[in-house]
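These notes concern the structure reproduced below.
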Amino acid sequence: MRHVGLCLLAVVALYIPHCFTSTCPLVLKTNAQVERRLLNEGFHRDLETSVFLSSPENLKSCIVLIKDVYPPGSYVDPNQLKFFKPFGGPDFYIPQMINVETPEHFSPRILAYYFVRPQPMDDGRWLINMTVPIHFRYHRARSGTSYPLEVGVRLPHPAILLQCEDVGGDACRALTQLEPCPPTGNDQCEWLSIHTFSTSEAVMGIIPVGNTDLLDTVLMTTTCVTAGATLLILASLRKKKT
Ligand SMILES: *[C@@H]1O[C@H](CO)[C@@H](O)[C@H](O)[C@H]1NC(C)=O
């Protein structure tokens with residue numbers, strides 16, 4: 001029994017360092033700097049994502065997967081993305097139906113996959129520069145005396161994964177995870193998750209929220225105006241008759 005225990009221990013001791021000292025340079029020595037900008041104003045904006053990849057490997061054959069999770073206060077419109085594809089928009093896959101009408105409190109988070117080829121930069125890094133139209137959803141109105149009348153919808157940075165023609169042997173293959181295949185998301189492909197960092201905070205859309213305190217005033221005004229108009233019409237009708 002003791003022998004078996006010792007033997008197991010030896011196997012574990014031999015095996016564990018092996019697991020952690022993987023020799024997949026694509027994963028170990030590649031990193032992705034992700035920066036974002038939210039352009040324009042209001043509910044309909046453009047989200048620019050720049051990814052700078054540093055790697056000792058040649059990434060020419062690689063496709064980058066940008067995996068985004070948008071919070072319930074925002075959405076991307078698959079029809080709009082489809083429309084932009086012939087004009088340089090990215091290949092994408094959005095696995096769920098998107099309702100572009102629902103307010104924030106009736107909406108789910110949205111998962112979006114973008115497939116993009118990196119371009120070589122002068123400094124040896126590889127660049128992805130992608131802009132997609134993004135929309136913010138209406139938020140439930142609330143009391144302006146108790147709450148601020150603006151909300152921030154934070155768009156977290158995406159995850160970055162790589163798929164290259166020569167994955168770099170078994171060491172790399174062991175590290176892959178399954179995600180949708182380019183360009184349309186049909187089937188599952190093996191992707192390598194890349195370490196990411198950023199020099200900027202996640203971008204945030206500031207959205208105005210309706211004020212329920214004003215509801216009484218709005219109703220009063222509407223009623224008064226309607227009543228006043230009715231009276232005017234009645235008065236003019238009477239005038240005509242006489
Ligand atoms: C990405 O493209 C936009 C629009 O063409 C440009 O203004 C921006 O500087 C580019 N970003 C990078 C990092 O090259």
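Values below: all heavy atoms of this structure, side chains included; hydrogens, waters and symmetry mates excluded. Counting convention: from 1, in listed order, for ligands and their atoms alike. On a predicted model such as this, the values are computed, not experimentally measured, just so you know.
Counting only heavy atoms of the protein, atom 14 (O) of ligand 1 lies nearest to Asn129 ND2, 3.6 Å. Counting protein heavy atoms only, atom 7 (O) of ligand 1 is closest to Arg37 NH2, 4.0 Å.
Looking at Glu48 against ligand 1, only its side chain comes within 4.0 Å, counting heavy atoms.
Per-residue contacts place Phe52 under 4.0 angstrom from the following atoms of ligand 1 (heavy atoms of the residue considered): 13 (C).
A donor and an acceptor atom, one from each side chain of Ser198 and Gln33, are nowhere located under 3.5 Å apart.
Relative orientation of the Tyr114 and Tyr70 rings is perpendicular, given thresholds of 30° and 60° on the angle between their planes. Between Tyr75 and His135, the ring-plane angle classifies as parallel under the 30° and 60° cut-offs.
The presence of a protein heavy atom under 4.0 Å from atom 5 (O) of ligand 1 is ruled out. For atom 9 (O) of ligand 1, the nearest protein heavy atom lies 4.0 Å or farther away.
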What do the steps show when you test Tyr138 against Phe43 for ring pair (Phe, Tyr, Trp, His ring centres under 6.0 Å), and what is the final call?
CA-CA 8 Å; Tyr138 288 98; Phe43 282 87; 4.6 Å; yes
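Phe84 is linked by a ring pair (Phe, Tyr, Trp, His ring centres under 6.0 Å) to nothing, counting only residues two or more places apart in sequence or in another chain.
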